[in-house]
Amino acid sequence: GDTVQADQDLLELETDKATIPVPSPSDGTVKEILVGVGDDVDVGSVIIRIDALASAKASKLAESDKTVSQKEQKPESPTPSKSTIVPAQQSPEVVASHIDPKDINLVVIGAGPGGYVAAFHAADLGMNVTLIDTEPNPGGVCVYKGCIPSKALLHIAKIVSEAKHAQENGWIDFGTVNINVDKIRDWKESVVKKLTGGTGLLRNQRKINFIQGRATFVDSNTLDVIKTDGAKEKVSFDKAILATGSHPINLPFAPDSKNILDSTSALDLTSIPKSMLVIGGGYIGLELGTVYAELGSDVSVVEMTDFILPGCDKDLATVLYKSILHQTFNDKIFLSTKFTEMNDSGTSVAVTFEKPDGSKETNEYEKVLVAIGRRPNSKNLGLENTKIKIDKKGFIENNGQRRTDDPAIYVIGDVAGEPMLAHKASHEGRVAVEAIAGHKVAFEPNAIPAVVFTDPEIAWCGLTENQAKEEGRHVKVV
């Protein structure tokens, strides 16, 4: 019986990657709601029936069916699509047992695409769920400082690129194009705010206990939490899921300077520098380098290996390389090149390179973006107070159910092993929750898709040709 207006948000739809508001198609009165909180719906499903008014003064009513649209955000970090499961020193067998979810007190540490999906699924199963994160709403690095803001800026970059292309071909004359950095940044932040506001609403609807703060383990069933307001709280639990994610790798010899950026600070988009050096020719460096290049920076890329996108099929990467080498980076992609020294003058950064032939060259750049990979967040969590084991790369060891060597603690997402992909973390979250609930389940993907959001975009799924050859498989290219 509620009266609604056209474009008024009626409800939120949650996918593994995003929360999508569903607006009303017209003014009218809600006659019937066909779904409930936590229900699964398919594309084309009728979810709400509305008696729609033809106009503000009209009395004739017409029935309108609102259907689901699926606009799922894409994954962030393309790496080889074969999943790496870090083995825990325990039986990997999948054992089902009968457990009443209402008797389980679950705490999820980290509210990214893995953590919040796990928390939501656990609440839907009836568990008592506590979710802990430093941000005010679920979303994690992916939504706040990674996948979502980078794709928003890449959308702007694509518009600029197409406008330039149209003007160069004489199809359309736009005159002088002015880039308003402040408005672009505000729009990017509004996208993030809208998505995280939606996940916050879904969290509240499920009555999940949310603590904004940072948690450390006291033992295998207790956490100390320091809240963002400085208050402290002890949290006891039966089971825990670690979903603490990862962070950008920094150069140990790089000076501490506002002119040296990582992927997080680059997304702040405080200004458009005249010149920029991107260290690292992987997906992060190429995506953010594309953004700054299209917005007006003279961008150079240096990669220490012999080609861009290590881990991607070279035939695919070659298509991208030929396009962006001239069109985006003005022939300034330097392969098999090392950087040996970096000095900051306050207004620019001087970087010394070692070329493939051994000769050295020094150039100055207004900004330097370091994009050489990410490292799992497995430190400063009090894991030494548990039975958890960490491998040499910093990943937490686990089995097919994502259970660690501590039977009370599970791990998902970037900190659980490669590939570091948001959709992989989400699926692991569901597996871990169902394992805790006693279901017979394991994380056993045949393949994990990956995407690079450059121009052109690249996507792949399954083994690359080189990976197949390394495993001794017979390869036939058709």
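Throughout, numbering of the chain's residues begins at 1 and tracks the sequence.
Remark: I159 engages H155 in a side-chain contact (heavy atoms from CB on, under 4.5 Å) (not counting sequence neighbours). Residues that satisfy the side chain to side chain donor-acceptor pair (under 3.5 Å) test with D224, not counting sequence neighbours, are K234. By the salt bridge (charged side-chain N to carboxylate O under 4.0 Å, His left out) test, D298 is found to be paired with K332, residues two or more places apart in sequence or in another chain being considered. Listed by chain and residue number, nothing satisfies the side chain to side chain donor-acceptor pair (under 3.5 Å) test with N385 (two or more places apart in sequence, or in another chain). Under the rule for a side-chain contact (heavy atoms from CB on, under 4.5 Å), the partners of I249 that lie at least two apart in sequence or sit in another chain are I372, R375. The salt bridge (charged side-chain N to carboxylate O under 4.0 Å, His left out) search around E303 returns none, not counting sequence neighbours. In this structure, the side-chain contact (heavy atoms from CB on, under 4.5 Å) partners of S348, at least two apart in sequence or on a different chain, are S345, E364. In this structure P248 satisfies the side-chain contact (heavy atoms from CB on, under 4.5 Å) test together with D262, S263, T264, R374, sequence neighbours excluded.
Heavy atoms only, all atoms of each residue included: V415 and N377 are closest at CG2-O, 3.6 Å.
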Worked check of salt bridge (Lys or Arg N to Asp or Glu O under 4.0 Å) between K424 and E428: CA-CA 6 Å; K424 172 249 191 188; E428 286 178 317; 3.3 Å; yes
Full working for side-chain contact (heavy atoms from CB on, under 4.5 Å) between N137 and Y144: CA-CA 10 Å; N137 282 314; Y144 279 98; 3.5 Å; yes
Derivation and outcome, side-chain contact (heavy atoms from CB on, under 4.5 Å), residues V411 and I388: CA-CA 10 Å; V411 62; I388 285 176; over 6 Å; no
Steps toward side-chain contact (heavy atoms from CB on, under 4.5 Å) verdict (V452, C312): CA-CA 10 Å; V452 182; C312 175; 5.8 Å; no
Check against side-chain contact (heavy atoms from CB on, under 4.5 Å), F120 and I208: CA-CA 8 Å; F120 291 1; I208 292 171; 3.6 Å; yes
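Pairs engaging residues 251-275 under the ring pair (Phe, Tyr, Trp, His ring centres under 6.0 Å) rule: F253-F339 [sequence neighbours left out]. Applying the ring pair (Phe, Tyr, Trp, His ring centres under 6.0 Å) definition to pairs two or more places apart or across chains, none involves residues 255-275. Among pairs with a residue in residues 111-136, those fulfilling salt bridge (charged side-chain N to carboxylate O under 4.0 Å, His left out) read D124-R206, E135-K145, at least two apart in sequence or across chains. Applying the ring pair (Phe, Tyr, Trp, His ring centres under 6.0 Å) definition to pairs two or more places apart or across chains, none involves residues 192-244.
A salt bridge links R185 to D182: one of the charged nitrogens lies within less than 4.0 Å of a carboxylate oxygen. Salt bridge E294/K158: absent, no basic N to carboxylate O contact under 4.0 Å.
Counting only N and O atoms by type, the side chains of D313 and T464 include no donor and acceptor under 3.5 Å apart.
Atom OG1 of T404 sits about 5.5 Å away from atom CD1 of I409, to the nearest 0.5 Å.
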